[in-house]
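Working notes, structure below.
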Amino acid sequence: MEALTLCRTLDDLEALVRAYPGVYVRYSAGPRHDADELSVDGESGLELPGLSVNPLTPEAWWSRPLAHWLARQLMQYQHLGERDGAFGWVLTGREVGRGPDCEPLVVDVVPLARIADPLLEEADALYSRVFDRGALPHHRDRETDNRG
């Protein structure tokens, strides 16, 4: 197992995201394992040009608290950490493309921390409290939408 710093709280994770540009989460067997692996598209079998990750750095349009973004990102992909030997870890890297689900693909990976279970529990509780879990996008009535 990697000797990564443990991210135990959303505050810990927020500090990492604020300290480094382009921070991602990956659920896998860890950085040591992934150093010798390529991500593969499960449906086509094609090797991808980088590791498949999910962004922890929010998009410019995100106007809610950073903790909300982090909770959402962690919960959206937590199921990937439920595979044997997989866990969540935080990294930086250089984006080289997008995968088949439009996820960033990164190379030149620098591992930063491992996601601890208490952080996932905190993120799950926040996600449940501030989001409508599983809701589909709302469609506006064109007559009431002032944009035309």
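Heads up: numbering here begins at 1 and tracks the sequence. Only a predicted model underlies this, so the values are computations on that prediction, with no experimental measurement involved.
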Any donor-acceptor N or O pair under 3.5 Å, side chains Glu95, Tyr24: yes
Gap between atom CG of Leu56 and atom OG1 of Thr92 - 0.5 Å precision: 11.5 Å
Interatomic distance, Leu13 atom CG to Ile115 atom CD1 [nearest 0.5 angstrom]: 5.0 Å
Sequence-distant partners of Tyr20, ring-ring contact (aromatic ring centres under 6.0 Å, His included), two or more places apart: none
Any donor-acceptor N/O pair, Arg26 side chain to Ser52 backbone, under 3.5 Å: yes
Trp62 and Thr57: CA distance, side-chain angles, deciding distance, side chain to side chain contact (heavy atoms under 4.5 Å, CB included) verdict: CA-CA 10 Å; Trp62 187 258; Thr57 302; over 6 Å; no
Student check: side-chain heavy atoms of Val40 and Leu46 closer than 4.5 Å: no
Atom pair CG (Asp124) and CG (Asp117), whose distance is rounded to the nearest 0.5 Å: 12.0 Å
Non-hydrogen atoms of Leu4 and Pro31 that approach each other most closely: CD1-CG, 3.9 Å
Distance in Å, Arg114 CZ paired with Arg8 CZ, rounded so as to fall on 0.5 Å steps: 11.0 Å
Heavy-atom side-chain contact between Glu47 and Ser39 under 4.5 Å: no
Val53 side chain near Glu103 side chain, heavy-atom distance below 4.5 Å: no
Distance-minimising heavy-atom pair for Cys7 and Leu16: SG-CD1, 3.7 Å
Any donor-acceptor pair under 3.5 Å from Glu122 side chain to Thr9 backbone: no
Within-4.5 Å side-chain heavy-atom neighbours: Leu91 and Leu51: no
Interatomic spacing from CG in Leu10 to CG in Leu66 - rounded to 0.5 Å: 8.5 Å
N/O donor-acceptor pair under 3.5 Å between Arg72 side chain and Phe131 backbone: no
Exam field: side chain Trp89 to backbone Leu112, donor-acceptor pair closer than 3.5 Å: no
Residue pair Asp12, Leu119: steps toward the side chain to side chain contact (heavy atoms under 4.5 Å, CB included) verdict: CA-CA 9 Å; Asp12 291 346; Leu119 169 52; over 6 Å; no
Val107 and Pro49, any side-chain heavy atoms less than 4.5 Å apart: no
Transitive ILVMFWY side-chain link Val96 to Val106, under 4.5 Å: no
Cluster link Val23 to Leu6, ILVMFWY, side chain under 4.5 Å: no
Verdict with reasoning, Leu120 to Met75, per side chain to side chain contact (heavy atoms under 4.5 Å, CB included): CA-CA 8 Å; Leu120 291 175; Met75 292 301 98; 4.1 Å; yes
